[in-house]
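Report on the following structure.
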Amino acid sequence: MAATLPRNAQVAEQFDLLADLLELEGEEQFRVIAYRRAADLIRSAAGPIARLALDGEAKKLPGIGKTIESKIVQIVDSGEIEALTKRKARIPSGVAEFLRLPALGPKTARRIWQELGITTVADLKRAAEAERLRTLPGLGAKTEERILRALAEKPQEKRTLLAAALPAVQAVVDVLREHPASTQVSEAGSVRRRTETVRDLDIIATASDPAALTDYLTKLRWVSEVEAHGKTKATVVSHDGLRFDLRVVPPDSYGNLLQHFTGSKRHNVALREDAVRRGLSVSEYGVKDVESGEVFTAVSEEELYERLGYQWIPPELREGAGELEAARRGELPKLVEVGDLRGDLHMHSTWSNDGKNTLEEMVHAARDRGYDYVAVTDHAHYLREGRFQAQWDEIAELAPRLEPFRILRGVEVSIRADGSVDMSDDDLAGCDWVMASLHSAFDKSPTERVLSAMENPHVDCLGHLTARKLNRRGGADLALDRVFEKAVDTGTLIEINSQPDRLDLRDVHARAAAEAGVQLVISTDSHELGALAYMELGVAQARRAWLTKKQVANTRTWRQLLKLKKP
DNA sequence: GCCGTTTTCGGCCCGACTGTTTTCAGTCG
């Protein structure tokens with residue numbers, strides 16, 4: 001039974017498709033939005049939504065009511081929402097694909113289907129080429145052109161990793177700040193919220209001479225393409241393919257605009273809905289009192305949130321996931337910061353074949369970052385036949401010279417297909433710190449293997465739990481709620497891995513883990529000196545997960561941490 | 001379809017841009 005529960009992603013996909021099809025049928029907009037919202041919510045839920053629905057608990061989530069809950073149960077029972085099955089029979093599958101094309105919304109897609117009888121993307125292309133779309137009133141040459149251009153483009157470029165976006169946007173912000181015309185410059189958008197990947201990089205500024213600033217951006221050396229260039233707005237693409245969007249705004253509503261362009265969309269919608277209930281209308285230009293017509297503008301975000309009755313909300317929390325309610329009550333958590341970390345507990349050296357720097361170099365670099373301790377966690381399979389003892393000898397020789405900084409004897413073991421780990425109990429018993437990770441066979445009962453690894457009394461922490469790789473693979477299908485429960489029972493810690501393409505646990509899962517009572521560790525899994533700085537990414541992820549210093553084990557001294565972990 | 005410090009009915013975020021139009025619907029973020 002439990003093994004066959006549909007994944008949240010599959011459930012969400014059905015609701016999204018149902019929303020598309022209803023929209024094509026001209027269904028009322030708010031029903032459609034309700035399904036899309038539910039899909040969104042389900043996709044980011046940590047536990048299996050199907051189990052909640054079966055228990056009648058799903059409708060307690062905001063945005064899911066009796067109807068949607070019963071539709072989730074239909075998916076469990078018969079594999080598909082009944083209403084979806086019905087509509088799939090009525091609407092050709094190709095028509096829903098039209099909606100993915102720019103400038104093609106449901107109204108237009110429906111007319112193309114019903115009035116021209118076009119039901120596949122291939123036919124749509126042919127019709128556009130034959131200039132047949134413009135026979136419909138309201139459609140013209142430009143629309144045909146746009147459709148053809150979109151179809152010619154390569155499908156779905158990859159999203160930019162935060163690790164690439166962050167230094168790039170910071171560099172551009174710095175450059176713009178130096179320009180004499182600029183007064184205030186800030187990153188905005190998803191990069192400011194520190195989402196794990198971003199599509200484009202938003203920057204907001206105020207300036208004495210806005211046109212001079214947008215002009216300056218378009219003429220910077222590294223700009224390869226100028227997509228838009230006006231007096232208050234410019235979009236440029238860099239040689240490495242990053243898209244920057246600069247908006248220059250009036251100084252007296254800088255707070256309103258920074259808030260608006262930081263998003264997220266979900267956060268802004270929730271904020272505005274809440275404002276409407278209080279007789280206020282919020283836009284990027286100001287807060288209007290509907291009754292008196294008075295408009296309040298804010299020079300800072302702090303002012304704006306205060307006017308609306310909230311604590312200032314850190315950008316990392318602005319995802320419409322309960323932050324407004326918490327901020328209204330003044331109960332936002334004090335989020336963990338990079339400076340809180342006392343040590344890095346996942347790091348490789350040349351003792352692992354894929355490590356680029358020696359143990360000595362890595363350890364020195366960790367100490368230079370100001371940590372109190374570091375765990376050397378090379379891969380177990382490179383430490384056979386005396387090599388483990390040899391590594392310990394090196395550590396023993398090095399350690400006294402660095403005191404009081406502490407080098408921990410660690411190891412990263414792999415969780416095998418049978419749930420055992422690839423190092424003997426004797427060797428493990430000599431370690432200060434043991435990480436256990438999935439490295440292969442991700443589809444072979446991953447949950448049971450992870451649960452079994454946690455039963456091992458030597459395993460202190462799970463590394464990169466789902467083993468996902470951003471832009472490459474989705475990660476193991478784990479029953480995370482069971483994993484978190486077992487982690488609490490056994491006293492096993494769970495890592496937030498800071499590698500740019502891992503960031504695993506992801507934000508919503510880390511939040512669920514902490515809420516379940518799991519202690520988390522933020523570590524870098526460094527294979528070279530420069531990677532130690534990835535701690536910033538892991539911390540950003542932790543902040544998106546609402547984590548406080550207390551919920552992150554390696555904000556403690558090693559002595560304190562010893563009391564938390566398995567004996 | 002969801003939801004409730006006016007409401008179990010009647011609301012549901014806001015504005016810009018675009019293309020095709022003579023005043024706006026559709027799409028997008």
Side-chain angles (χ1 to χ4, degrees), chain A residues 15-16 18-42 58-72 81 83-84 98-112 133-147 149-150 188-190 193 198-202 204 227-228 230 232-233 235 243 245 247 249 253 256-257 259-288 290-291 295 308-309 320 324-325 328-329:
Chain A
F15 281 107
D16 266 334
L18 181 59
D20 284 350
L21 297 184
L22 287 173
E23 208 172 23
L24 283 167
E25 290 194 324
E27 180 57 71
E28 197 221 349
Q29 194 56 27
F30 294 109
R31 254 183 97 198
V32 173
I33 289 172
Y35 284 128
R36 294 236 165 88
R37 277 189 179 188
D40 233 32
L41 183 77
I42 290 165
K59 57 178 167 305
K60 289 189 181 154
L61 298 171
I64 294 184
K66 261 165 61 180
T67 308
I68 289 183
E69 179 170 276
S70 76
K71 284 178 159 55
I72 299 170
I81 302 169
L84 180 60
F98 295 175
L99 300 177
R100 310 282 163 259
L101 296 167
L104 267 198
K107 302 267 167 40
T108 317
R110 181 175 190 205
R111 292 180 57 207
I112 291 173
L133 297 184
R134 66 183 70 174
T135 60
L136 289 180
L139 291 190
K142 290 260 171 91
T143 307
E144 288 173 342
E145 218 174 278
R146 263 210 277 184
I147 288 171
R149 207 177 329 127
S190 52
R193 302 198 313 276
V198 303
R199 204 183 54 224
D200 39 33
L201 306 170
D202 292 305
I204 291 288
E227 287 198 350
T232 61
K233 191 187 145 165
T235 303
R243 183 190 319 276
D245 208 347
R247 285 160 205 263
V249 304
S253 57
N256 304 84
L257 280 141
Q259 194 282 327
H260 172 78
F261 286 112
T262 297
S264 67
K265 181 176 171 154
R266 237 203 291 181
H267 174 81
N268 285 354
V269 168
L271 178 127
R272 289 164 179 198
E273 283 175 348
D274 198 23
V276 166
R277 287 192 281 275
R278 288 156 213 273
L280 300 170
S281 171
V282 177
S283 81
E284 56 264 55
Y285 302 107
V287 180
K288 186 160 128 192
V290 175
E291 205 163 315
V295 176
L308 295 172
L324 289 168
E325 294 82 345
R328 171 83 61 203
R329 296 191 304 265

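Atoms considered below: every heavy atom in the structure, side chains included; atoms not considered: hydrogens, waters and symmetry mates.
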Counting side-chain heavy atoms from CB outward, which of [options] is closest to [X]?
{"X": "A:Val269", "options": "B:dG26, B:dG15, B:dC13", "answer": "B:dC13"}
{"X": "A:Lys107", "options": "B:dC14, B:dC12, B:dT27", "answer": "B:dT27"}
{"X": "A:Glu284", "options": "B:dG1, B:dG15, B:dT18", "answer": "B:dG15"}
{"X": "A:Arg272", "options": "B:dG29, B:dC14, B:dG1", "answer": "B:dC14"}
{"X": "A:Pro106", "options": "B:dG1, B:dT27, B:dC12", "answer": "B:dT27"}

Check whether any side-chain nitrogen or oxygen of [X] sits under 4.0 Å from OP1 or OP2 of [N], and answer yes or no.
{"X": "A:Thr108", "N": "B:dT27", "answer": "yes"}
{"X": "A:Thr143", "N": "B:dT18", "answer": "no"}
{"X": "A:Tyr285", "N": "B:dC13", "answer": "no"}

What about A:Glu69, does its side chain sit under 3.5 Å from the base of B:dC2 through a donor-acceptor pair?
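Such a pair does not exist between side chain and base.
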
Looking at every strand, decide which applies to A:Val282 at a 4.0 Å heavy-atom threshold: base, sugar-phosphate, or nothing.
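Sugar-phosphate, backbone atoms only, no base.
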
With sugar-phosphate meaning primed atoms plus P, OP1 and OP2, does A:Leu101 contact a base, only sugar-phosphate, or nothing at under 4.0 Å between heavy atoms?
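Sugar-phosphate contact only - A:Leu101 comes under 4.0 Å of backbone atoms but never of a base.
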
Under 3.5 Å for both donor-acceptor distances, Watson-Crick or wobble: does B:dT8 have a partner, and if so which one?
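Looking at the geometry, B:dT8 pairs with no nucleotide.
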
Atom CG in A:Leu18, atom CD1 in A:Ile68: separation rounded to 0.5 Å?
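One finds 9.0 Å between CG of A:Leu18 and CD1 of A:Ile68.
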
Answer yes or no: is there a donor N or O on one side and an acceptor on the other, between the side chain of A:Glu144 and the main chain of A:Arg134, under 3.5 Å?
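Such a contact is found between A:Glu144 side chain and A:Arg134 backbone.
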
